[in-house]
Each structure stands twice: as structure tokens, then as C-alpha cells.
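Remarks on the structure that follows.
Everything numeric here is computed off the predicted structure, so don't read it as measured data. Here is how names work: the chains are called A, B, and so on, in the same order as the sequence lines, proteins then strands, and each is numbered from 1.
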Amino acid sequence: MKKETLFQQKVWKAMDLIPKGKVTTYKEIAKFLNTKAYQAVGSAVGKNPNAPKTPCHRVVNSDGRVGNYSGKGGVKRKIELLKNEGVEVKEGKIADFENKMFYFNKSS
DNA sequence: TACATGACTATCC
DNA sequence: GGGATAGCCATGT
């Protein structure tokens with residue numbers, strides 16, 4: 001049985017804070033966790049065992065690109081999910097990216 | 001313990 | 001602007 005590391009749990013929890021219709025970047029998550037492991041974050045997200053519970057599709061690249069997706073339909077599926085939540089995607093990129101961009105609230 | 005890999009980002013050409 | 005290279009941290013083998 002694979003033991004999830006604390007790092008992954010933090011990442012999933014952070015994604016859970018993303019409101020519907022909004023998207024965030026791996027960089028923001030890493031920053032929220034007080035780290036620079038963008039790649040580690042991406043890896044953790046890809047390994048998320050709480051797929052339906054964790055809105056991994058709301059996480060995109062810093063360029064506004066949808067990035068990748070380990071789900072069934074791959075990136076295609078990710079885009080559909082985003083569109084379904086009100087986020088328009090064009091050519092694998094988020095429309096009005098900065099507008100839909102969501103920043104974590106470190107000081108609560 | 002050491003090397004290789006990755007749902008990334010930034011820089012150089 | 002587009003493609004390739006390097007740097008980054010954590011995980012897996």
C-alpha cells in the first residue's frame with residue numbers, strides 16, 4: 001500500500017481550496033506550500049488518489065496552459081471539466097487566464 | 001545511498 | 001515567437 005507523503009496531502013488540500021470556475025497554477029500551489037517544487041507538486045497532483053475529491057483539473061501551468069492530465073480522457077477530459085465549470089479553454093489554454101486565476105490566501 | 005524521472009518554470013538561442 | 005537546455009524539489013527504482 002503506497003503511503004502518501006505529507007507533501008502530497010498538502011498539495012491536494014491546497015487544490016481543494018480552489019473555488020469552482022477558477023484555476024490556479026502549480027507555481028502558486030508550490031508558493032502556498034512555501035516551496036519551489038513545482039514539479040514535485042505536479043507529480044503529487046498526478047498521483048492523487050482522491051481524484052473526484054480533488055479538483056486536479058483546476059490546476060494549470062503558469063503560462064495559462066492546461067498542462068497535462070492523468071485522468072481517462074487525458075487533457076481533453078480536463079478541458080471539458082473546466083468548460084463545464086465555466087472556464088473557457090482555447091487550444092489547450094485558459095481563456096481570460098488572469099481573470100480566472102485564483103491565488104491562495106496565505107494570511108487568513 | 002545514488003541515479004533517473006516528472007501533470008513544471010525560466011532562460012538562452 | 002518558437003524550440004531547446006538547464007534548474008528546481010520530491011518521489012520512485
Side-chain angles (χ1 to χ4, degrees):
Chain A
M1 145 149 179
K2 313 252 196 279
K3 183 170 101 122
E4 304 91 37
T5 65
L6 180 65
F7 199 86
Q8 292 176 176
Q9 294 180 39
K10 281 195 204 162
V11 174
W12 305 328
K13 209 168 279 221
M15 289 194 297
D16 199 48
L17 302 175
I18 307 171
K20 176 187 162 203
K22 291 265 186 173
V23 294
T24 193
T25 67
Y26 296 97
K27 196 170 74 177
E28 278 301 310
I29 294 178
K31 227 165 28 173
F32 177 67
L33 299 180
N34 226 21
T35 182
K36 307 195 226 65
Y38 325 110
Q39 227 171 345
V41 171
S43 290
V45 174
K47 287 166 186 150
N48 80 354
N50 310 325
K53 184 178 185 244
T54 306
C56 38
H57 55 269
R58 286 184 195 152
V59 187
V60 298
N61 291 8
S62 64
D63 293 82
R65 285 243 182 210
V66 184
N68 226 312
Y69 189 65
S70 294
K72 196 163 176 179
V75 183
K76 213 175 153 53
R77 175 69 175 158
K78 184 168 177 177
I79 293 172
E80 284 197 39
L81 286 167
L82 287 169
K83 283 183 147 191
N84 192 37
E85 296 198 346
V87 180
E88 205 169 330
V89 181
K90 298 284 193 185
E91 302 286 313
K93 297 176 279 294
I94 305 294
D96 298 315
F97 173 56
E98 301 192 12
N99 192 37
K100 312 267 198 232
M101 182 57 184
F102 166 74
Y103 295 91
F104 288 95
N105 182 20
K106 288 190 264 188
S107 355
S108 97

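In this structure, CZ of A:Arg65 is placed 11 Å from C1' of C:dG2, rounded to the nearest angstrom. Atom CG in A:Leu33 sits roughly 19 Å away from atom P in C:dC8 (whole-Å rounding). Atom CH2 in A:Trp12 sits about 13 Å away from atom C1' in C:dA10, given to the nearest Å. When the C1' atom of C:dT11 is taken as reference, atom CD of A:Gln8 falls 8 Å away, rounded to whole Å. Whole-Å rounding puts the A:Lys36 NZ to C:dA10 P distance at 9 Å.
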Next on the checklist: Can you build the contact string for nucleotides 6-13 of chain B? Use B for base contact, S for sugar-phosphate-only contact, and - for no protein heavy atom under 4.0 Å.
Outcome noted: BBBSS---
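A:Met15 has its side chain within reach of A:Ile29: a pair of non-hydrogen atoms, C-beta onward, lies under 4.5 Å apart. A heavy-atom distance below 4.5 Å is found between the side chains of A:Phe97 and A:Val60. Looking at A:Val41 and A:Phe7, their side chains come closer than 4.5 Å, going by heavy atoms from C-beta outward.
When A:Lys22, A:Lys100, A:Arg58 are each tested for a side chain to side chain contact (heavy atoms under 4.5 Å, CB included) with A:Glu85, only one passes: A:Arg58.
A salt bridge between A:Lys83 and A:Glu80 is absent, with no side-chain N of the basic residue lying under 4.0 Å from a carboxylate O of the acidic one.
A:Gln9 contributes atom CD, which lies 13.0 Å from atom CG of A:Asp16 (distance to the nearest 0.5 angstrom).
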